[in-house]
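Structure, as C-alpha cells:
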Amino acid sequence: MKVNGTNLYVSEYGSADSPPLLFIHGHGGGYHWTHCQGARLGSALHVIAPDQRGVLRSDPTELEIRMDILIDDFEALRLALGIDRWAILGHSAGGNYAVEYAIRHPDSVTAVVFDCPCWDFDANDRHRLPIFAALYDQAGDPASAARCRELAALPRRLTPADKTYELAFGLGEAFQDFSWYDPTNRPAFEQLGREAGFTDEMWSRAYSHLPTLTDLYTSKLDRLADIPHPTLLIRGTKDPATDPHSVHTYQSTVPSGRTETFHQSGHFPHYEEPDRYTETVLGFLLDVGNDT
C-alpha cells in the first residue's frame, strides 16, 4: 500500500466493520506477533499490522529512519484506510512509539495497549547490565563483565554510543534465552521465522531502524501521564525489556492505567501464553468501548 511516499506491506485480519486495532511492532518486525495473534484478535477486531517503513516486506529505504517518520506513517496509514479512530498496540520498541503517537494524535486513538514496552532504554540498560555482568562472569569473561558494571554505574544517561547492544548480543545463546520464561519455547518460535520464507536480505532490513535508537534512549516515562486514553500494560514476569523502574513509573503516574502480569512469560506473552493474551487484549479493548 502506498503510504507517505513509500510502499508498506499491511497485513489485515478480521472484518473491516469490527473495531480497528493498529499493531506497532518493535525492531525486527512483527511477523511472529501477527502469526500468533492476528487471526485470534481478528475474531472480534479489525487488526491492521504494517511492516514498518524499510522492514521485511515493505520497500527498503535509503532514508534515515527516525521515530517521527514512523509516527507520520501510522497516521498516513489510518487516513489511507479511511479509519476515523483506532486502538493501538505497541510491542517492545513499538510501545515507545505508541506513547508519542497517542499524544501527538489524540483524536486518532481510542485506547493504548503496551505489550512488554521499552519506554526508556537507559532505565532498561541499567536493569539488564548487572544481569549481563553475572552471565559474563559465568562464561569466564571478566573484561566484558567489568564493562557491563562500568556502564551501569555511569552518572550520566546512557546513549546509543555506549553500544550496550554489543554486550547483549555478545552473550550469544544466553542472551537469546534471556527473553523467555521457558527457553525451550524459543526453537519453535524461531522456526516460525524460518518457515515464513523471507530472505536473509529481508530480515536484515531491520538494521535500517538503528537510527531510532536515539529516540528510544529519550525517555518516554515522563510522557506516560500525558496520554489521554485508557491504557493497559502487559508484562511478563521474566521480561527483560519492561524494567521495574518503568513499571513503577507507569503505575504511580497513570493511576487509571491497568496492568496485567503474565506469570509464565518473558518478552513474548503473545506466544508463551497466547490464549490469555487474546482474552486480555479483547477484554480490555471491548471494555473501554473501542467501538469506532
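None of the values given here were measured: they were computed from a predicted structure.
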Q: Establish, for the pair Arg276 and Phe262, whether the NZ or CZ atom is under 6.0 angstrom from the six-membered ring centre and no further than 45 degrees off its axis.
A: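 Yes, Arg276 sits over the ring of Phe262.
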Between [X] and [Y] (side chain of the first, backbone of the second, donor and acceptor by atom type, cut-off under 3.5 Å), is there such a pair?
{"X": "Asp51", "Y": "Arg57", "value": "yes"}
{"X": "Arg186", "Y": "Ser179", "value": "no"}
{"X": "Glu272", "Y": "Gly266", "value": "yes"}
{"X": "Arg78", "Y": "Asp84", "value": "yes"}
{"X": "Arg85", "Y": "Val109", "value": "yes"}
{"X": "Arg258", "Y": "Leu232", "value": "no"}
{"X": "Asn124", "Y": "Ala241", "value": "yes"}
{"X": "Arg104", "Y": "Ile71", "value": "no"}
{"X": "Gln37", "Y": "Pro274", "value": "yes"}
{"X": "Asp122", "Y": "Thr159", "value": "no"}

At their closest point, which heavy atom of [X] faces which heavy atom of [Y], and how far apart are they?
{"X": "Thr218", "Y": "Asn96", "result": "O-ND2, 4.5 Å"}
{"X": "Pro187", "Y": "Pro183", "result": "CD-O, 3.6 Å"}
{"X": "Tyr271", "Y": "Cys36", "result": "CD1-SG, 3.4 Å"}
{"X": "Val112", "Y": "Ala98", "result": "CG1-CB, 4.3 Å"}
{"X": "Leu158", "Y": "Tyr217", "result": "O-CD2, 3.3 Å"}
{"X": "Tyr97", "Y": "Ile24", "result": "CD1-CG2, 4.0 Å"}

Ignoring hydrogens and angles, state whether a donor on the side chain of [X] or [Y] is under 3.5 Å from an acceptor on the partner side chain.
{"X": "Thr34", "Y": "His25", "value": "no"}
{"X": "Trp33", "Y": "Tyr277", "value": "yes"}
{"X": "Thr242", "Y": "Arg235", "value": "no"}

For a side-chain contact (heavy atoms from CB on, under 4.5 Å) check, start with the C-alpha distance between Leu167 and Leu151, then their side-chain angles and the critical distance, and finish with the verdict. CA-CA 11 Å; Leu167 290 165; Leu151 288 171; 3.6 Å; yes
Does [X] reach the side chain of [Y], with side-chain heavy atoms less than 4.5 Å apart?
{"X": "Leu63", "Y": "Ser208", "value": "no"}
{"X": "Thr214", "Y": "Arg66", "value": "yes"}
{"X": "Arg157", "Y": "Asp120", "value": "yes"}
{"X": "Phe23", "Y": "Ser11", "value": "no"}
{"X": "Cys118", "Y": "Leu216", "value": "no"}

[X] with [Y], same ILVMFWY side-chain cluster at under 4.5 Å:
{"X": "Ile88", "Y": "Leu79", "result": "no"}
{"X": "Ile83", "Y": "Tyr9", "result": "no"}
{"X": "Tyr101", "Y": "Leu221", "result": "yes"}
{"X": "Tyr13", "Y": "Leu285", "result": "yes"}
{"X": "Tyr181", "Y": "Leu192", "result": "no"}

Tell me whether [X] is salt-bridged to [Y], with the criterion being a basic N under 4.0 Å from an acidic carboxylate O.
{"X": "Arg40", "Y": "Asp275", "value": "yes"}
{"X": "Glu100", "Y": "Lys220", "value": "no"}
{"X": "Arg53", "Y": "Asp72", "value": "no"}

### Residues Ser92, Cys116; criterion side-chain contact (heavy atoms from CB on, under 4.5 Å); working and verdict
CA-CA 5 Å; Ser92 196; Cys116 299; 5.9 Å; no
Taking ring-ring contact (aromatic ring centres under 6.0 Å, His included) as the test, write out the residues that go with His267, two or more places apart.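 Residues passing ring-ring contact (aromatic ring centres under 6.0 Å, His included) with His267: His91.
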In Å and rounded to the nearest 0.5 Å, what is the [atom1] to [atom2] distance from [X] to [Y]?
{"X": "Thr164", "Y": "Arg126", "atom1": "OG1", "atom2": "CZ", "value": "10.5 Å"}
{"X": "Asp215", "Y": "Ile65", "atom1": "CG", "atom2": "CD1", "value": "11.5 Å"}
{"X": "Leu45", "Y": "Leu21", "atom1": "CG", "atom2": "CG", "value": "6.0 Å"}
{"X": "Ser256", "Y": "Ile227", "atom1": "OG", "atom2": "CD1", "value": "10.0 Å"}
{"X": "Thr199", "Y": "Arg205", "atom1": "OG1", "atom2": "CZ", "value": "6.5 Å"}
{"X": "His32", "Y": "His270", "atom1": "NE2", "atom2": "NE2", "value": "8.0 Å"}

- Message: With ring pair (Phe, Tyr, Trp, His ring centres under 6.0 Å) as the rule and sequence neighbours excluded, what pairs involving residues 227-258 come up?
- Response: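 Qualifying pairs: Trp119-Tyr250.
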- Query: Between Phe175 and Phe169, how do the two ring planes meet: parallel, tilted or perpendicular, split at 30° and 60°?
  - Reply: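 Rings of Phe175 and Phe169: perpendicular, over 60°.
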Please lay out, stage by stage, how Val10 and Leu77 fare under the test side-chain contact (heavy atoms from CB on, under 4.5 Å). CA-CA 9 Å; Val10 181; Leu77 175 61; 4.0 Å; yes
Problem set entry | Phe114: which of Leu233, Ile234, Leu89 passes side-chain contact (heavy atoms from CB on, under 4.5 Å) |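 Of Leu233, Ile234, Leu89, side-chain contact (heavy atoms from CB on, under 4.5 Å) with Phe114 is met by Leu233 alone.
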* To do: Applying side-chain contact (heavy atoms from CB on, under 4.5 Å), name anything that partners Ser15, two or more places apart in sequence or on another chain.
  =>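 Per chain and number, Ser15 pairs via side-chain contact (heavy atoms from CB on, under 4.5 Å) with Asp17, Ser18.
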Begin from the C-alpha positions of Leu135 and Cys148 and carry the test side-chain contact (heavy atoms from CB on, under 4.5 Å) through to its verdict. CA-CA 10 Å; Leu135 291 172; Cys148 290; over 6 Å; no
